[in-house]
Number of protein chains: 2
Amino acid sequence: MSTQTQRIKSALLKEISELQIDGSQKLPSERHLSERFGTTRVTLREALRLLEADGIIYRENRRGWFITPPRLHYDPSVHARISFMNYAQQQGFIPKSTLYQFKHIVADEFLAAVMNTVVGKPLYHICRIRYLDERPVLFENMMIRADLLKGLDNVDMTGSLHQKLRDDYGLIISRADFEMTVTTLPKEEATALNALEGAAALKFHRRYFNEDGTIFEFDIEFWRHDAITVAYEYNNNQPVRPF
Amino acid sequence: MSTQTQRIKSALLKEISELQIDGSQKLPSERHLSERFGTTRVTLREALRLLEADGIIYRENRRGWFITPPRLHYDPSVHARISFMNYAQQQGFIPKSTLYQFKHIVADEFLAAVMNTVVGKPLYHICRIRYLDERPVLFENMMIRADLLKGLDNVDMTGSLHQKLRDDYGLIISRADFEMTVTTLPKEEATALNALEGAAALKFHRRYFNEDGTIFEFDIEFWRHDAITVAYEYNNNQPVRPF
DNA sequence: CAGTGGTCTAGACCACGCA
DNA sequence: GCGTGGTCTAGACCACTGC
């Protein structure tokens with residue numbers, strides 16, 4: 001005993017595994033599917049939503065429904081050590097980065113508070129889009145202290161930024177912290193990722209501290225929720241006593 | 001220029017902030033709201049879904065829509081050090097735990113692989129539900145090696161388990177790892193949390209290693225997606241070199 | 001038992017992708 | 001320019017909540 005939606009979802013799951021064997025990626029049109037299952041588009045779309053929330057399928061705005069490729073394993077502390085391009089490649093993906101926007105801004109109240117500086121502080125605002133196998137999965141906003149890293153506007157923004165910070169500026173990260181929240185893609189981010197406004201997403205806030213304890217960079221990242229599995233290992237030199 | 005759904009969402013957002021001032025928690029019925037906004041229930045529910053995905057509101061199965069309380073800040077490594085009850089209290093919540101199920105099981109292929117042991121290994125399977133201010137937010141499955149922790153079935157399961165592991169068994173955690181994925185609540189978990197099957201959730205896998213490197217515990221946790229902000233600090237003794 | 005949320009139907013129009 | 005997905009309407013029935 002189960003609902004129409006659940007039965008369609010199960011049936012689609014079966015079809016999807018068969019499709020994957022065939023190497024096909026795109027699902028048939030909603031009208032074809034709703035006809036095949038003897039239901040309306042509304043009910044069919046409800047089943048598709050469930051699969052989408054599960055991360056089994058995803059949609060590109062007005063293009064249709066696709067089978068979700070395998071997830072990237074993502075260690076949130078990893079940006080402090082390895083570049084996106086490197087760890088994506090290590091896991092067998094073909095990564096790509098594009099520069100979406102480069103702006104000179106000044107800190108507003110929010111940025112000043114979170115970066116522990118004053119309102120009006122000059123910042124670079126760098127937006128990049130990250131792809132895995134040509135699928136856009138990450139919208140990245142970086143806010144970087146312009147006074148500490150002069151001339152950053154003249155370098156290539158599609159490579160590893162942190163490598164440049166080390167090589168060209170001698171910068172060393174002494175600490176980083178982050179926050180992660182499940183939320184939805186805002187309009188601009190959704191458009192950039194070929195997704196719909198309101199699609200589920202993982203939002204990261206990340207701050208980098210240099211050796212002085214100064215926050216030289218604050219990132220806001222939006223990931224497609226189905227693109228990553230966050231993984232982390234907690235390894236203490238001195239064993240941890242429970243409680 | 002925006003859609004009907006978006007306009008209703010914005011209007012609801014405004015109403016919600018006013019409701020919050022009044023201390024009210026439950027939204028008016030869908031029929032009342034759809035009438036007030038001059039639309040159908042379908043469209044109204046679409047707007048509610050967006051707010052739900054944002055974590056602004058949530059629903060309890062057949063009970064209606066409620067304003068989401070503040071999130072718990074959750075450090076995924078924290079279970080190795082502090083109990084749920086403690087860190088929830090530290091953040092001003094009134095936590096509660098209930099034992100949902102206690103079973104003796106044996107490792108199947110999946111559990112054997114993930115716990116690095118053999119199929120048929122006897123395990124305790126402990127399910128608990130965690131509440132914040134009477135709201136159920138977490139469904140917790142713990143699989144614990146019964147051969148290493150004999151007699152665990154006779155202790156109170158609603159307190160800190162790890163404290164007991166330390167005090168009664170002298171157990172020390174030397175390492176832990178975890179994985180986190182955005183997915184949906186399965187049927188049983190959804191029912192236990194008063195949620196709907198298919199509601200967005202955060203799933204954690206966590207493993208604890210003792211000093212021998214043996215995995216004595218494997219946890220599967222389902223959190224309501226809007227109940228937590230995952231936070232973590234990455235603090236190296238020796239500074240990290242970018243790239 | 002009244003009212004609610006969960007589910008479902010059978011249409012419609014429009015903007016956009018794609019060929 | 002056809003077909004698609006995105007959006008929206010105006011109903012309906014049922015199971016359950018809460019009184």
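All chains are named by letter (A, B, ...) in the order of the sequence lines, taking the proteins before the strands, and each is independently numbered beginning at 1.
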Has [X] got a side-chain N or O lying under 4.0 Å from the OP1 or OP2 atom of [N]?
X: A:Thr3; N: C:dG6; value: no
X: B:Gln4; N: D:dG6; value: no
X: B:Thr5; N: D:dC8; value: yes
X: A:Gln6; N: C:dT7; value: no
X: B:Thr39; N: D:dC8; value: no
X: B:Arg63; N: D:dG18; value: yes

* Asked: Should the pair B:Glu189-B:Lys203 be classified as a salt bridge under the 4.0 Å nitrogen-to-oxygen rule?
  ->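 Judged by the 4.0 Å cut-off on N to carboxylate O distance, B:Glu189 and B:Lys203 do not form a salt bridge.
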[X] [atom1] to [N] [atom2]: how many Å, rounded?
X: A:Ile57; N: D:dG5; atom1: CD1; atom2: C1'; answer: 13 Å
X: A:Glu60; N: C:dC16; atom1: CD; atom2: P; answer: 17 Å
X: B:Glu35; N: D:dG11; atom1: CD; atom2: P; answer: 12 Å
X: A:Phe66; N: D:dT4; atom1: CZ; atom2: P; answer: 13 Å
X: A:Arg59; N: C:dC16; atom1: CZ; atom2: P; answer: 17 Å
X: A:Asn194; N: D:dG5; atom1: CG; atom2: P; answer: 15 Å
X: A:Lys9; N: C:dT7; atom1: NZ; atom2: P; answer: 12 Å
X: B:Phe37; N: D:dC8; atom1: CZ; atom2: P; answer: 14 Å

* Asked: When you measure from the centre of the six-membered ring of A:Phe66, is the NZ or CZ of A:Arg135 under 6.0 Å away and within 45° of the axis?
  ->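 The answer is no; the distance or angle limit is not met.
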* Return one dot-bracket line describing DNA chain D 5' to 3' (Watson-Crick or G-U wobble pairs, both distances under 3.5 Å; ( ) same strand, [ ] crossing, | another strand, . none). => ||||||||||||||||||.
* Does a donor on one side chain and an acceptor on the other come within less than 3.5 Å for B:Glu30 and B:Trp65? ->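 Short answer, yes.
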Mutual orientation of the aromatic rings belonging to [X] and [Y] [parallel < 30°, tilted 30-60°, perpendicular > 60°]:
X: A:Tyr124; Y: A:Phe102; result: tilted
X: B:Phe178; Y: B:Phe204; result: tilted
X: B:Tyr100; Y: B:Phe139; result: perpendicular

* Answer yes or no: is there a donor N or O on one side and an acceptor on the other, between the side chain of B:Thr68 and the main chain of B:Gly55, under 3.5 Å? => yes
* Asked: Has the side chain of A:Asp133 got a donor or acceptor atom that lies under 3.5 Å from a matching backbone atom of A:Ile94?
  ->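 It does hold such a pair.
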Among the candidates [options], find the nucleotide nearest to the side-chain atoms of [X].
X: A:Ser29; options: D:dG5, D:dT7, D:dG6; value: D:dG5
X: B:Leu196; options: D:dA15, D:dT7, C:dT7; value: C:dT7
X: A:Arg31; options: D:dG6, C:dC18, D:dT17; value: D:dG6
X: B:Asn61; options: C:dG6, D:dT7, D:dC8; value: C:dG6

* **A:Glu46 CD to A:Gln6 CD distance, which is reported to the nearest 0.5 Å** =>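 Here the interatomic distance stands at 9.0 Å.
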* Heavy-atom contacts under 4.0 Å between residues 40-54 of chain A and DNA chain C, which residues? -> A:Thr40, A:Arg41, A:Val42, A:Thr43
* How about B:Glu35: does its CD atom have over 12 heavy atoms from other parts shown lying under 6.0 Å from it? ->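 12 or below, so no.
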